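Everything numeric here is computed off the predicted structure, so don't read it as measured data.
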Amino acid sequence: MEVRFVLNKKQVTADVGPDKILLDLLRDLGCKSVKCGCETTNCGLCTVWIDGKSRLSCSVLAAGIGGHEITTLEGVEEEAREFGKFLADEGAEQCGFCSPGFIMNVLAMFRELEDPDIDEIKEYLAGNLCRCTGYMGQLRAIQKYMAAKKEVQE
């Protein structure tokens, strides 16, 4: 089956089987930031945006993405790099394996929530697992990033 969609602002056409998942298709297309960490939709490593909303690409059939816009970390490199500096400053950038999915969710949260408190941040990111940090550095980085972005907008 042929599917046409927008991937990181570029029109793409791909031939997919009925059981191919979006995660595998994106990796085949060179989006190596999209990773498989659990195969059970529990870790968040495969997070992408479909039409601007965070989704786990391991739970989406590639055949169903026709006409949609898919964004991976490769499509938001500048924003990701900016947030990555906040992570590094807080010592929250450890091995980096979980970072792509985590960063995709943080950037989506910034777009969706206005001035979230710590509990809202934790709830939003509940599906992102990190095996290296204690999450506190990540939470500090998120709060500082959001405050800095808000300051620029005002």
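- Between E82 and K149 there is a salt bridge, with a side-chain nitrogen of the basic residue lying less than 4.0 Å from a carboxylate oxygen of the acidic one.
- Taking a cutoff of 4.0 Å between a charged side-chain nitrogen and a carboxylate oxygen, R111 and E79 qualify as a salt bridge.
- Between the side chain of E120 and the backbone N or O of D117 there is at least one donor-acceptor pair closer than 3.5 Å.
- Inter-residue side-chain proximity for L22 and L26 is flagged as met; some heavy-atom pair is nearer than 4.5 Å.
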Under the criterion side chain to side chain contact (heavy atoms under 4.5 Å, CB included), I'd like the reasoning laid out for F5 against L7: C-alpha separation, chi angles, the key distance, then a yes or no.
CA-CA 6 Å; F5 61 100; L7 174 59; 3.7 Å; yes
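- By the 6.0 Å contact criterion, CD on E2 is enclosed, its count of non-hydrogen atoms from other residues, nucleotides or ligands being greater than 12.
- Salt-bridge check for D28 with K20: passed, with a basic side-chain N closer than 4.0 Å to an acidic carboxylate O.
- Here the closest heavy-atom approach between residue A62 and residue V16 is recorded as CB-CG1, 3.9 Å.
- Formation of a donor-acceptor pair under 3.5 Å by the E74 side chain with backbone atoms of S33 is found in this model.
- The backbone N or O of H68 lies less than 3.5 Å from no partner atom in the side chain of D51, so there is not a single donor-acceptor pair.
- Hydrophobic cluster membership for Y135: L129 (Ile, Leu, Val, Met, Phe, Trp, Tyr linked by side-chain heavy atoms under 4.5 Å, directly or transitively).
- With values rounded to the nearest 0.5 angstrom, L23 atom CG is found 10.0 Å from S59 atom OG.
- Both M104 and F110 sit in one connected hydrophobic cluster of ILVMFWY residues. Membership requires side-chain heavy atoms under 4.5 Å apart, directly or through other members.
- Although no hydrogens or angles enter the test, the distance criterion places no donor-acceptor pair under 3.5 Å between the side chain of R55 and the main chain of W49.
- Residues M109 and I121 form a side-chain contact, since some pair of their non-hydrogen atoms from C-beta on lies under 4.5 Å apart.
- The line from SG of C36 to CG of L56 is 11.0 Å long, rounded to the nearest 0.5 Å.
- Atom CD1 of I70 is separated from atom NZ of K9 by 14.0 Å, given to the nearest 0.5 angstrom.
- A donor-acceptor pair under 3.5 Å is absent between the side-chain atoms of R4 and the main chain of V12, judged by distance alone.
- Between F102 and F83, the ring planes lie tilted relative to each other; the angle falls in the 30° to 60° range.
- Counting only heavy atoms from C-beta outward, the side chains of P100 and K35 approach each other to under 4.5 Å.
- Other residues, nucleotides and ligands contribute at most 12 non-hydrogen atoms within 6.0 Å of the CD atom of E114.
- When every heavy atom of A63 is checked against every heavy atom of V3, the shortest pair comes out as O-CG1, 3.7 Å.
- V106 is not listed as a side-chain neighbour of N128, based on a closest heavy-atom distance of 4.5 Å or more.
- Considering only heavy atoms from C-beta on, I21 stays 4.5 Å or farther from V60 through its side chain.
- Proximity of L45 to T47: side-chain heavy atoms (C-beta onward) are nowhere separated by under 4.5 Å.
- The side-chain heavy atoms of I50 and T71, taken from C-beta on, include no pair separated by under 4.5 Å.
- With values rounded to the nearest 0.5 angstrom, K150 atom NZ is found 14.5 Å from Y145 atom OH.
- Contact check for P18 versus M1: no side-chain heavy atoms found under the 4.5 Å cut-off.
- The NZ atom of K10 lies 13.0 Å from the CD atom of E69; values are rounded to the nearest 0.5 Å.
- We find the CG-CD distance between D115 and Q143 to be 10.0 Å, quoted to the nearest 0.5 Å.
- Taking a 6.0 Å sphere around NZ of K53, one finds it holds 12 or fewer heavy atoms contributed by other residues, nucleotides or ligands.
- When all heavy atoms of G37 and C43 are compared, the pair lying nearest together is CA-SG, 3.7 Å.
- Between C58 and C46, the closest heavy-atom pair is N-SG, 3.4 Å.
- Under the 4.5 Å side-chain heavy-atom criterion for Ile, Leu, Val, Met, Phe, Trp and Tyr, V34 and L73 are members of distinct hydrophobic clusters.
- Nearest heavy-atom pair across Y124 and N105 is CE2-O, 3.4 Å.
- A donor-acceptor contact under 3.5 angstrom links the side chains of T72 and N8, judged on distance only.
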